[in-house]
Every structure is written in structure tokens, then in C-alpha cells.
Amino acid sequence: MKRKYATIIGAVLIVTITCLTLVFTLNGVGNGSKTLTLVENGKSDYVIIVPESSWGRASSTAEGAEFYSANDLQKYIENMTGVTIPVMKDTEVPISEDEKVISVGMTNREGVRYTVDRDSIGEDGYTIKTVGNGVYIAGGRPRGTGYAVYDFLENYFGCKFYSNSLITWPTYETLTLNEIEDDTFIPKFTVRFLGGNRYVGSDDGSAGAASKANGNYTMGNLYGDRMTFAYRTGDWRWVHTINHLADIDIHYYDYETFECPECNTEYRANETIPGTDTDWEDAGDGVSCPTCGNATFRDFINHIYSLSGYDIANYIGMSNEPSGHVRFQPCLTGINPITGRSLAGEVVDGANRWLSESAAAGHVNDRLISVSQYDASWQYGGCECASCKAMENLTGSAAGNWIWLCNQVANSIKDDYPNVMVNTISYLYTVEAPVNIKAEDNVSVFICTNDYCAAHPWNECGVSLRYGSASDMTKRVSEWQEVCDHLYGYDYYRSMGDDRWLYPIQYQIYYNYKWYHDLGFEGVYSYMLTEQDNFCGLNVYLAGKMMWNPDMTFEEYQALIDDYCFAAYGPGGDSISEIIKLYHERSSENCWSMCTTNYFDIMPSSSELKYEYMDGEITNIYAEIDTSFVDKVQSLFNDAFTKAETTEQIEAIEKEYINFCYYKLRDLHDIMSNGYYMLDPDFDMTAEEINTEIYNTADKLIELLVKYNIDEIGYDGRNDTGHTVDLSDADNFDRMSLPENW
């Protein structure tokens with residue numbers, strides 16, 4: 001038997017490499033002694049069969065998903081062997097004891113040639129088994145069969161689905177399979193939401209189904225459609241829904257400009273308020289118009305809604321909050337000033353209306369409806385009226401008001417929509433679990449991890465960098481477990497402050513998802529959406545794997561990282577794996593978070609300022625520099641570049657190298673203060689050598705940013721924007737003259 005590897009990159013490049021004898025054993029993996037020969041001598045005696053009811057069905061149906069999954073199986077067997085096994089209706093192939101079929105889905109063989117405990121496997125689980133010469137792949141509906149097909153291809157034949165543009169498969173002259181007595185798999189997490197749709201969206205490729213994600217952006221309709229949040233027509237919304245459910249659409253953050261109602265001066269949302277370090281989009285209530293001084297930011301907001309036709313001036317200020325804040329969260333216990341109705345009653349009506357509209361539109365996979373707070377800045381908090389405060393005091397937390405509201409919705413929908421869970425979030429001002437209240441059984445809560453230390457696993461550190469009273473993540477979760485029986489993790493696995501900064505979270509994903517599983521969490525959402533975050537493609541791949549199988553060993557997990565690096569970066573992939581380890585070792589020296597304002601604490605600088613004193617006065621300042629980290633990483637990148645064999649591999653390495661160049665340049669600048677270098681007299685690198693290295697690094701960084709059409713790097717939407725680089729005129733930069741704002 002001869003085996004090779006084929007790789008598709010960008011759906012264009014195919015590379016074939018002779019495989020080592022060590023991996024020959026993968027072909028034919030099973031748990032029995034009999035061997036089935038699926039392909040031999042360029043032909044196959046097998047046919048792939050699907051339910052007749054699936055033929056021609058829409059892809060968004062369970063039956064259609066089984067048909068498309070069978071066609072994917074056909075495609076990858078052809079990729080591996082060059083042989084096309086025909087796909088046929090189950091009724092076209094007679095049932096027999098010695099039949100050579102690969103049955104996909106709920107075919108007419110079920111109950112005759114094999115059985116499946118469908119109540120046990122649910123919507124996403126599956127059973128794979130062989131009986132005689134037949135192979136039977138049957139998954140739950142609507143998505144389980146697609147997941148089964150991709151696990152079959154990966155676990156038994158070695159296909160790898162890293163992303164839509166990075167898929168590998170081995171090639172076989174003879175394709176065999178050892179008999180399988182019973183391979184039944186039921187996912188541990190029922191809710192598996194995965195950001196990073198540009199990597200694994202199944203509307204664009206098979207990696208979405210292979211990732212086993214079942215919700216949010218990732219799972220398209222080709223493989224049975226995602227587990228959806230019910231939504232109103234034209235407005236799919238799965239979080240921050242409160243003002244939409246009650247038809248009070250406060251789009252505070254949607255405005256690019258704010259206009260003074262007194263002098264009509266306009267201020268751009270991302271411009272800095274004169275005399276401050278704050279942008280207008282982050283303005284506080286008491287900020288006055290710098291032009292006329294006659295209007296506050298509260299007046300700006302009232303003016304916006306006056307122009308929009310919403311009469312909500314009283315709504316914003318109706319409860320006369322003691323803090324004086326503009327309130328973007330509605331009064332949950334009071335009256336909607338626009339309609340004069342109970343807001344809680346409107347939310348209940350809105351939820352039922354969304355569910356009804358969603359069902360009428362044919363969204364058969366609705367399993368959740370969000371009743372969650374508006375995404376205003378954390379400092380505003382909830383309503384401070386007497387009734388809201390009374391509820392908050394009774395339950396010990398602002399989250400108690402939300403559980404009370406969710407319970408109203410849950411009780412109203414449970415009979416008509418028994419499969420739908422009311423979902424809310426423990427987030428910002430609702431991080432603390434309430435007391436004296438219990439969530440209904442059809443209520444679930446996402447525990448959001450923003451503002452918590454992401455440098456270490458939650459159970460090892462779990463320190464909040466903002467919420468002192470809820471700073472212990474383990475304690476926080478245990479308190480929420482007393483309130484709600486259905487908890488999900490909402491993980492912010494990306495840097496929201498500086499996308500180009502080094503933000504290593506690969507190993508945290510492993511330990512955190514195991515922790516969620518051990519605590520009995522029922523789902524996870526991994527928030528990774530942007531390509532520029534370092535190793536985002538790898539992160540998305542790893543998160544999908546851990547959501548599907550949090551029981552894997554660390555050795556198995558490390559093998560996923562190593563395999564991905566080899567596939568994406570080529571023969572030098574082992575060096576990239578080592579870089580990831582170095583990043584983790586260095587970042588673990590600090591506690592850092594998605595929202596921390598000091599992003600450069602994530603990766604400590606190689607330099608440390610030293611001060612010499614005499615008679616209490618500073619006589620000398622110098623920088624003590626440890627270049628070992630930068631030198632090691634640079635050497636590993638050099639090795640990866642040297643070993644790369646294709647343009648695609650070089651470009652994949654370059655995209656990670658951008659972030660390192662950015663770090664390296666900032667690191668070099670840390671040894672410069674007030675326009676001169678502060679060097680230990682014994683340090684063996686001269687100022688001129690450092691200067692040359694700075695410009696060489698800047699040259700490379702700008703070259704890559706221009707190559708990949710990246711217009712700006714630096715802080716994103718934060719107060720300190722002094723190191724944002726505008727590259728609109730990058731072609732004209734003088735190599736010895738860095739951009740002004742560096």
C-alpha cells in the first residue's frame with residue numbers, strides 16, 4: 001500500500017508529498033478484525049446511498065444536509081484515491097446481507113441493517129458502524145450526519161480541515177477500513193458558537209461543518225443550518241436585544257457624528273474631545289460643547305433621537321438617576337414612556353412576536369432567544385429608579401433584574417416553544433450573580449470573560465482587571481451555578497485593543513474548555529473574528545476542536561498545533577510551533593485582558609530602565625536589555641522562511657511575522673527616551689547598531705503592511721493613539737525617517 005499527502009491551499013494549489021511509513025497504519029483504522037476494501041486497483045465495488053427523501057431537497061433541511069454530506073464524502077474519497085463512488089438513492093439499491101454500501105443519513109437500512117439510538121445522539125451526535133461489508137453513517141438531524149461524515153474522513157483516513165483555504169488529505173492506491181463495531185459520539189457542549197467565519201464559514205467551504213460548530217456565523221445552511229436565535233424579520237440579532245424586543249432601538253454606537261443642538265457644530269465619533277484624551281464616542285454625560293458651551297453630551301443624545309422621530313428624552317432621564325448618567329439600559333421594572341406600557345410586558349410580547357415570525361419564515365432550528373442588555377459602556381450601568389433599585393437590592397446584583405425579566409419571557413413561551421431557551425448574559429454591570437432568585441429551567445446565561453485575565457487559565461488565575469467584587473472567576477461561576485442550571489462560556493479570545501499586538505491564547509483555549517466541561521457548562525462561544533489577530537486561523541481551528549471534544553489529552557492537543565503549523569507554514573512549521581510556546585512563556589509573566597488599557601504588558605519589553613543614585617540624586621539612567629526572547633523568535637522565523645517551499649507558505653509566515661515586527665519595533669523603541677539612547681556602558685550593542693535595527697525592522701514592517709493592504713496599525717479605539725501609524729502614503733516613506741507618530 002502506498003500513501004501520499006495532497007494539500008489544497010486557497011482551493012488552487014495541490015502539493016503531493018511522499019508520506020513516511022509510520023503513518024501507513026491510519027488507513028483502515030477501526031475497532032474490529034475484519035477489513036473492508038473500499039477502493040482497489042482504481043475501482044470500487046461500493047456505492048454511497050442516501051435517503052430517497054433527501055434527493056433534491058433544499059440544503060437547509062435535515063434531508064438535504066444528508067445528501068450534501070454524502071456528496072462531500074464522495075468528493076474526498078475521489079481526492080484520496082482518484083475513484084468516484086456513485087451516490088444513489090437508497091431505494092435504487094436492494095437491501096442484502098452482503099451489500100457493499102456506504103449508507104449516509106436516515107436511509108431505509110436503519111432498523112434493518114443497523115440501529116441508532118436517536119434519542120440519545122440528539123441533533124448533533126452520530127453513530128458509525130460496519131455490518132458485514134456495509135458502512136453505516138447515521139447522525140442526528142439536522143446536523144449530525146454532516147459531522148459524522150467529517151469525523152469519518154478525519155479519524156479513519158487522515159483528512160484535515162483546518163480552514164476553508166487549508167485542507168489536506170492523504171492519497172491511497174488501496175483504501176481499506178477495519179470493521180467498526182460501534183463508533184457513537186455525542187458532543188459534550190450542545191451550544192458551540194465559533195467566531196472567525198472567514199476561516200470556517202460553511203457557506204464558503206466544508207471547514208464549517210468539519211469544525212462541528214453549530215451556531216452563530218460559522219454553520220451555514222449547506223449542512224443543516226445553524227442552531228439559531230429566533231429573530232424578527234430582517235434583523236437577526238443574537239445578543240444586546242433588549243431595546244429591539246421593546247422596539248426602542250437606541251443605536252448610540254451607530255452614529256459617526258454628534259451634533260450640538262445649540263450651535264449645530266458636528267463632532268466625529270472617533271475624534272478626541274478638546275482638552276481630553278477621550279473620543280466623542282466615549283464621552284461622558286457632563287461633557288459640554290467646546291464651541292458654544294451651551295449643551296452637554298446628554299443634550300447631544302436627546303437631539304439625535306429628536307431628529308430620528310423617537311420621543312425618548314423622558315425615557316433617557318425618566319428615573320432621575322442619582323449618578324446623573326445618561327442611561328442606555330432601559331428601566332426593566334417600569335413603563336416605556338413611548339407607549340405607556342410595562343416594558344417587561346413589551347419584552348414578553350416582543351419575544352413571542354420574534355418566535356412567531358421566525359417560525360413563519362421556516363426557521364426550524366430556533367433553539368434560543370436573546371433577552372440581553374444593550375451594549376453601552378460599562379460605567380453607565382442599569383436603571384437607578386426606585387423599583388429597579390429595590391429589585392437589585394433584593395437580589396444583591398443588577399443581574400437579578402435580568403433573571404427576573406428572562407423568567408417572565410421563559411414562562412410565556414415554554415408551552416408553545418418547548419425547544420427554545422431564553423438566553424441572557426453576565427456581562428459588564430451584571431457580572432455578579434444574584435441571590436434570592438432562581439432562573440427558570442428554560443433560561444440560560446452566557447458567562448462573559450471580558451476584562452478577566454486571559455494570560456492564564458481561568459481556574460489558575462481568573463482575576464478580573466475591572467471587577468474587584470467579582471474578581472475570582474471560579475467563585476463567580478460557582479455563584480452563578482446556584483442561580484441558573486444552563487451556563488455557557490463567552491470567551492473573548494482576541495485583542496480588542498491592538499489587533500497587531502502579540503496575544504497568545506492557544507494553550508488557554510485547551511485548559512479553559514476543559515474547565516468549562518468539568519464544571520458542567522453546556523456551551524461555549526469563542527469570540528475570534530479578525531484576521532489580523534496573531535494565529536487567528538489556528539485559534540479558530542483549536543477552539544472548534546475543543547468544543548467538540550474537550551476530553552482530548554494535552555498530547556493530542558499539541559499534535560493539533562504541530563499538524564496545523566506544518567500544513568500552513570510548511571517544513572518550518574516546527575519553528576512556528578516553538579514561537580507559539582515562546583510567546584506563551586513570555587506573556588505568562590503578566591496578567592492581561594481583552595480590555596486592559598496597557599496592552600504592552602501582554603508581551604513584556606526586553607528592556608528595563610535602571611537608575612543610579614548619589615546622595616539621593618539620579619546620576620545616570622540606562623537601559624538593561626535582554627534580547628534573548630527577540631533573538632530566539634527572530635531565529636525561528638528565519639528558519640521557517642528558509643524552509644518554506646511555496647508562495648502560500650511564505651505568505652502565511654509573513655502574516656504572522658507582521659505582528660512580531662510590530663512588537664520588535666516597539667521593543668527597540670523602549671530603550672530610547674527623550675530622544676537619546678540609554679545604554680549600559682557594558683552593553684555590547686552600540687546606539688548606531690540599535691538605530692540600524694530599528695529602521696531595518698520598520699522597513700520590513702511597512703513593506704509587509706503595504707503588500708497585504710493594511711492601512712493602519714496600532715491601538716483600535718483606545719485613548720492612547722500616539723502609536724497608530726497611518727500608511728496611506730507608505731510608498732513615499734523615507735527609510736531613515738519613520739512616520740511622524742512613531
Side-chain angles (χ1 to χ4, degrees), residues 51 53-69 105-106 122-124 139-147 190-195 197 200-204 208-209 213-249 251 254 345-372 374 406 408-425 442-444 446 488 523 525:
S53 60
S54 73
W55 210 268
R57 290 296 298 272
S59 60
S60 58
T61 65
E63 295 89 347
E66 293 176 348
F67 174 75
Y68 282 94
S69 298
M106 193 184 294
E123 295 183 342
D124 292 349
R141 287 186 164 179
R143 293 171 296 272
T145 297
Y147 299 148
T190 57
V191 173
R192 302 180 303 281
F193 283 17
L194 184 61
N197 51 307
V200 295
S202 62
D203 285 337
D204 303 319
N214 64 0
N216 208 322
Y217 309 103
T218 305
M219 192 66 188
N221 63 8
L222 197 61
Y223 301 94
D225 218 344
R226 62 193 174 200
M227 172 189 288
T228 56
F229 280 86
Y231 58 97
R232 67 182 181 184
T233 303
D235 185 15
W236 184 68
R237 192 169 291 272
W238 63 278
V239 73
H240 307 313
T241 56
I242 183 65
N243 295 310
H244 301 265
L245 287 165
D247 281 331
I248 308 173
D249 293 348
H251 293 299
D254 290 350
E346 289 193 339
V347 171
V348 168
D349 290 348
N352 279 274
R353 184 172 64 253
W354 284 20
L355 285 162
S356 176
E357 289 185 8
S358 192
H363 304 143
V364 298
N365 294 327
D366 288 345
R367 295 294 179 268
L368 299 156
I369 185 167
S370 173
V371 179
S372 54
Y374 184 65
C406 287
Q408 313 308 305
V409 177
N411 284 321
S412 77
I413 71 168
K414 63 182 179 182
D415 292 334
D416 293 332
Y417 304 98
N419 295 324
V420 175
M421 186 85 68
V422 179
N423 178 253
T424 194
I425 52 178
N442 56 333
V443 171
S444 61
F446 269 113
Y488 312 143
Y525 171 58

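- Ser356 contributes atom OG, which lies 9.5 Å from atom CG of Asp416 (distance to the nearest 0.5 angstrom).
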Between Val347 and Val409, is a side chain to side chain contact (heavy atoms under 4.5 Å, CB included) present by the stated rule, with each step listed?
CA-CA 7 Å; Val347 171; Val409 177; 3.9 Å; yes

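- Residue Ile369 holds its CD1 atom at 11.5 Å from OG of Ser444, rounded to the nearest 0.5 Å.
- With a 4.5 Å cut-off on side-chain heavy atoms, Val239 and Ile425 count as touching.
- The closest side-chain heavy-atom distance from Val420 to Leu368 is not below 4.5 Å.
- The shortest non-hydrogen separation linking Ala65 to Pro142 is CB-O, 3.7 Å.
- Summarising the geometry, atom NE2 belonging to His244 is positioned 9.0 Å from atom OG belonging to Ser372; distances are rounded to the nearest 0.5 Å.
- Taking each heavy atom of Asn214 and Tyr147 in turn, the nearest pair found is CB-OH, 3.3 Å.
- Between Glu123 and Arg143 there is a salt bridge, with a side-chain nitrogen of the basic residue lying less than 4.0 Å from a carboxylate oxygen of the acidic one.
- With contacts defined as side-chain heavy-atom distances shorter than 4.5 Å, the pair Arg367/Met421 does not qualify.
- The two atoms that bring Ala230 and Ser358 nearest to each other are CA-OG, 4.0 Å, heavy atoms only.
- Interatomic distance, Ser53 OG to Glu66 CD, rounded to the nearest 0.5 Å: 7.0 Å.
- With a 4.5 Å cut-off on side-chain heavy atoms, Thr241 and Tyr374 do not count as touching.
- No side-chain heavy atom of Glu63 sits under 4.5 Å from any side-chain heavy atom of Trp55.
- Taking OG of Ser370 as the start and CG of Leu245 as the end, the distance is 7.0 Å to the nearest 0.5 Å.
- Ring centers of Trp238 and Tyr525: under 6.0 Å apart, within the cut-off.
- Among all heavy-atom pairs drawn from Gly146 and Ser69, the shortest one is CA-OG, 3.2 Å.
- The main-chain N or O of Gly139 is found under 3.5 Å from a side-chain atom of Thr145 such that the two form a donor-acceptor pair.
- A 4.5 Å side-chain heavy-atom check between Ser412 and Asn352 finds at least one atom pair inside the cut-off.
- Between atom CG of residue Asn365 and atom CE of residue Met227 there is a gap of 8.5 Å, rounded to the nearest 0.5 Å.
- Inter-residue side-chain proximity for Val371 and Gln408 is flagged as unmet; no heavy-atom pair is nearer than 4.5 Å.
- Counting heavy atoms from C-beta on, the side chains of Val422 and Ile413 come closer than 4.5 Å.
- Every residue two or more places apart in sequence or in another chain that forms a ring pair (Phe, Tyr, Trp, His ring centres under 6.0 Å) with Tyr488 is listed here: Phe446.
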